[in-house]
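All values below were derived from every heavy atom in this structure, side-chain atoms included, with hydrogens, water molecules and symmetry-related copies excluded. Read the numbers this way: they start at 1 and go in the same order the structure lists the ligands and their atoms. Predicted model, so just to flag it, every value in this text is computed and none were measured.
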Amino acid sequence: MIQNKYKILIVEDETNIRNLVATLLEMAGYQTILADCCLSAKTLFTSYMPDLVILDLGLPDMDGINLLDYIRKDFLTPIIILSGRTNEADKIDALDRGANDYITKPFGSGELLARIRVALRNNRFCAKEGRLPGGRFTLRNLEIDYDARQVFIKGKEVKLTQTEYNIVALLSENCGKMMTYATIIKAIWGGYPQEGSIKKLQVNMANIRKKFGDKPGEINYIANELGIGYRLK
Ligand code: CA
């Protein structure tokens, strides 16, 4: 079984809370990276490129908002604020600056985990290059309805499993771009490719291509570059 190995950066100066959150996330199968101030968080963010950031606002060197702005300048990485500041103005400010969610202390562990799952899920298809999820995608006879999570070829629905759909949606949002095995595996299952996960991807991809009616020597939707990845074209 492939474990959910999303990397989460926890930025929190209070040792007790930092350790509590870290233990909670590790028990839920996440990898954690820990920072106790903004400066070290910036360094760790740049070197580890985490999948999500949990950010305290009251930090010893500067306000956590600085880190939020720093990340949002270049990245869509989900950021969940975990702060003792309970007033609405702080929440709105953080959300306006691009935080995905805001949780006030004290927090419930179940709630924190649920919010993390939502943020990771929403981000998965939150499009690169500024395209937003939702709407439709068309390529020749292929049509995708992102809201309904349905795929059609020549107007006829192609029945895909959830995983197959997620792969097709990912390829469509990066249409024309060669997506490496590692990129697809990380986006669909989290974690890094191992022999087992590449095999799993290949099996899913073979099923998708069969359902799409892709045949050798004809105009196909999904191109495979052996040993590298796949491209929707
Ligand atoms: Ca603090």
Strictly by modelled atom types, are Glu26 and Thr32 linked by a side-chain donor-acceptor pair under 3.5 Å?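 Looking only at side-chain atoms, Thr32 and Glu26 do form a donor-acceptor pair, the distance falling under 3.5 Å.
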Tell me, please, if [X] has any N/O/S atom, main chain or side chain, under 3.0 Å from the Ca ion (ligand 1)?
{"X": "Glu12", "answer": "no"}
{"X": "Glu14", "answer": "no"}
{"X": "Pro60", "answer": "no"}

To 10°, measure the OD2(Asp56)-the Ca ion (ligand 1)-O(Gly58) angle for me.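 Taking the Ca ion (ligand 1) as the apex, the two atoms subtend 80°.
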Would you name the heavy atoms of Pro50 and Leu9 that are closest together and state the gap between them?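 Distance-wise, the nearest heavy atoms are CG-CB, 3.8 Å.
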Taking every non-hydrogen atom, the tightest pair across Tyr221 and Arg140: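 Distance-wise, the nearest heavy atoms are CD2-NH2, 3.5 Å.
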For residues 60-70, tabulate all N or O donor-acceptor pairs below 3.5 Å that involve a side-chain atom, not counting sequence neighbours.
residue : atom : partner : partner atom : Å
Asp61   : OD1  : Cys38   : N            : 2.9
Asp61   : OD2  : Cys38   : N            : 3.2
Asp61   : OD2  : Leu39   : N            : 2.9
Asp63   : OD1  : Ile65   : N            : 2.9
Asp63   : OD2  : Arg85   : NH1          : 3.2
Asp63   : OD2  : Arg85   : NH2          : 3.0
Asn66   : ND2  : Asp63   : O            : 3.2
Asp69   : OD1  : Arg97   : NH1          : 3.3
Asp69   : OD2  : Arg97   : NH1          : 2.6
Tyr70   : OH   : Thr46   : OG1          : 3.3

I'd like the atom name of the N/O/S atom in Asp13 lying closest to the Ca ion (ligand 1). OD1
Applying side chain to side chain donor-acceptor pair (under 3.5 Å) as the test, list every pair that has at least one member in residues 106-115; sequence neighbours left out.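 Checked against side chain to side chain donor-acceptor pair (under 3.5 Å) - neighbours excluded - the pairs reaching residues 106-115 are Asp101-Arg115, Glu111-Arg115.
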